[in-house]
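Inspection log for the structure reproduced underneath, given as structure tokens.
The figures that follow rest on heavy atoms only: side chains count, while hydrogens, waters and symmetry mates do not. Because the structure is a prediction, the values reported are computed rather than measured. In what follows, chains carry the letters A, B, and so on, assigned in the order in which the sequence lines appear, proteins first and then strands, with residues in each chain numbered from 1.
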Protein chains: 2
Amino acid sequence: MYKINFDRFFTYSFSSDCVIFGYKDGQINMLSVNRDVEPFKGKWAIPGDLVYPDEDLLDSAKRILFELTNLTDIDLHQAETFGNPNRHPQGRVITCAYFALLRIDDFHIQAASWAKEVKWIPIHELPEMAFDHNLILNSTYSLLKQKLAIEPVCFDMLPEKFTLSEMQRLYEYAFDTEMDKANFRKKIKSIPLISHSEKQKNVKHRPASLFSFDEITYEKLVAENHYSFKMY
Amino acid sequence: MYKINFDRFFTYSFSSDCVIFGYKDGQINMLSVNRDVEPFKGKWAIPGDLVYPDEDLLDSAKRILFELTNLTDIDLHQAETFGNPNRHPQGRVITCAYFALLRIDDFHIQAASWAKEVKWIPIHELPEMAFDHNLILNSTYSLLKQKLAIEPVCFDMLPEKFTLSEMQRLYEYAFDTEMDKANFRKKIKSIPLISHSEKQKNVKHRPASLFSFDEITYEKLVAENHYSFKMY
DNA sequence: ATTACTTATTGTTAAATTGACAATAATTCC
DNA sequence: GGAATTATTGTCAATTTAACAATAAGTAAT
């Protein structure tokens with residue numbers, strides 16, 4: 001075991017793919033790149049790149065995210081690793097998927113040299129992508145949904161200040177189910193939220209109150225074992 | 001992106017590690033190998049091996065499992081992938097962890113050429129292991145616990161015919177909490193179980209009824225959306 | 001055979017949560 | 001001012017949970 005023969009294994013290569021999710025207009029989108037190079041030139045793809053020789057996997061995913069968004073300090077979550085020997089037409093490339101959750105309106109997409117185009121595409125409207133990227137997206141989205149149920153990651157996709165209805169719509173979308181407004185509010189009343197005096201603007205109906213996630217209190221409660229997030 | 005230069009990346013190697021969990025005497029054990037080769041000779045480790053050039057990741061984990069147990073047709077679950085550039089003293093080895101759940105008494109451990117000794121060790125008694133294997137174990141065990149809450153994988157570790165108290169003790173161990181017997185029985189009454197007329201033997205108290213998991217009915221219920229396993 | 005001991009199994013009841021739905025509030029638009 | 005729209009709060013029955021009591025079926029000791 002672990003008798004490494006680099007000659008024998010030289011055809012390996014390792015990449016990371018960064019599935020970047022964002023929420024807008026009631027839909028979850030993925031930041032998609034249109035490939036400017038073969039193979040799969042012209043096809044949409046999940047942004048990814050080979051891992052550098054001395055680079056940690058997570059750092060590699062962070063680098064990809066940074067190149068497209070200029071953002072640092074974003075939480076990245078490891079998803080599934082894909083290693084089918086035939087998944088890459090040019091050799092053996094094993095790829096580890098990560099996902100990030102962003103507020104779409106908080107930044108501008110960066111141009112990337114290796115892409116013809118970069119844009120947000122609603123995940124349910126994505127066409128057949130390059131490589132096994134549809135597989136990767138589906139697997140990663142499943143993990144996202146799992147995480148939405150047990151960790152407060154929804155707030156990474158919602159605006160800094162959001163209404164409870166916006167939060168509810170995100171969960172309704174992700175869990176593909178309609179929820180009762182009153183009951184939703186009861187369910188989330190134990191989540192530590194900061195209530196702002198400020199109200200929603202430019203809506204043609206009663207404006208809703210704005211809330212923020214109270215991360216400080218949340219971390220404290222969790223550390224003291226007084227609380228566990230759950231939305232199932 | 002994806003302009004592969006194999007020369008530049010030739011130092012990569014890829015392995016899979018197979019965390020094999022088994023339940024015995026009220027504890028979850030890991031099938032551990034004592035390394036007979038450097039590095040970390042003499043240290044306990046998670047069984048693992050390099051992935052063959054044309055081998056799928058999952059197949060590689062299955063091969064490791066088979067070498068130690070002679071078992072095939074065991075469900076393997078992918079866990080975290082570890083790729084810290086310094087995790088292996090002899091080069092860059094990225095490893096993908098899988099885990100399997102076994103009935104300890106249903107098979108015999110096989111000798112393995114690359115190990116001095118192979119044995120079950122209760123996970124809470126494992127010493128400092130080779131490489132980053134304590135890290136891998138902890139991460140994988142967390143994922144197991146997560147899965148125990150939402151999928152009927154506990155039955156892969158319990159005997160084919162088990163008592164409800166045995167099942168309860170497994171959950172109490174995994175979730176590190178005591179549960180009320182009566183309430184536990186109420187909670188699991190929706191899980192499709194086959195009740196056997198046979199009873200527990202050789203106990204010095206009232207013998208409990210034996211049950212089996214009714215996988216056929218479970219799969220049917222899930223397919224028809226009539227049921228979803230949950231144990232939180 | 002009787003009794004003590006141990007764990008299995010079922011039942012009871014109050015408390016908490018959930019689900020369905022009703023009522024009221026605060027805006028804009030006309 | 002009234003209609004339309006969404007926000008917010010309240011009600012109540014049904015369901016689930018939690019704590020605990022009661023009974024059952026074995027073994028072991030007397």
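Here C/dT24 presents its C1' atom at 17 Å from NE2 of A/His205, a figure rounded to the nearest Å. Rounded to a whole Å, the CD atom of B/Gln168 is 13 Å from the P atom of C/dT7. C/dA8 atom P lies 12 Å from atom CZ of B/Phe211, rounded to whole Å. Spacing between atom CD1 of B/Ile188 and atom P of C/dA8 amounts to 12 Å, rounded to whole angstrom units. Going from atom NZ of A/Lys204 over to atom P of D/dT6 covers 8 Å, rounded to whole Å.
Note: A/Tyr218 and A/Phe213 have tilted aromatic rings, judged against thresholds of 30 and 60 degrees for the angle between ring planes. The aromatic rings of B/His133 and B/Phe131 sit tilted, their planes meeting at an angle between 30° and 60°.
Listed nucleotides C/dT7, C/dA26, D/dT8 differ in distance to A/Pro207; the shortest reach to its side chain belongs to C/dA26.
Identified under the salt bridge (charged side-chain N to carboxylate O under 4.0 Å, His left out) test for residues 57-71 of chain B, with sequence neighbours left out: B/Asp49-B/Arg63, B/Glu55-B/Arg63, B/Arg63-B/Glu67. Within the structure, ring-ring contact (aromatic ring centres under 6.0 Å, His included) pairs that include any residue of residues 163-185 of chain B comprise B/His124-B/Tyr173, B/Tyr171-B/Phe175 (at least two apart or interchain).
Summary of the strand contacts: B/Lys230 and A/Arg169 both lie near DNA chain D, and taking for each the nucleotide with the nearest heavy atom, the more 5' one is attributed to A/Arg169.
For C/dA25, neither phosphate oxygen OP1 nor OP2 lies less than 4.0 angstrom from any side-chain nitrogen or oxygen of A/Arg206.
Contact annotation for A/Ser209: backbone-only contact, meaning every heavy-atom pair under 4.0 Å involves sugar-phosphate atoms and none involves a base. As judged by a 4.0 angstrom heavy-atom cut-off over every strand, B/Thr163 is placed among residues making no nucleic acid contact.
Side-chain atoms of B/Gln110 do not come within 3.5 Å of backbone N or O of B/Leu68 as any donor-acceptor pair.
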Just the table, please: protein N/O against nucleotides 21-23 of chain C N/O, every pair under 3.5 Å.
residue: C/dC21; atom: N4; partner: A/Asp180; partner atom: OD1; Å: 3.2

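For A/Lys145, the NZ atom counts as densely surrounded, since its 6.0 Å shell holds more than 12 non-hydrogen atoms of other residues, nucleotides or ligands.
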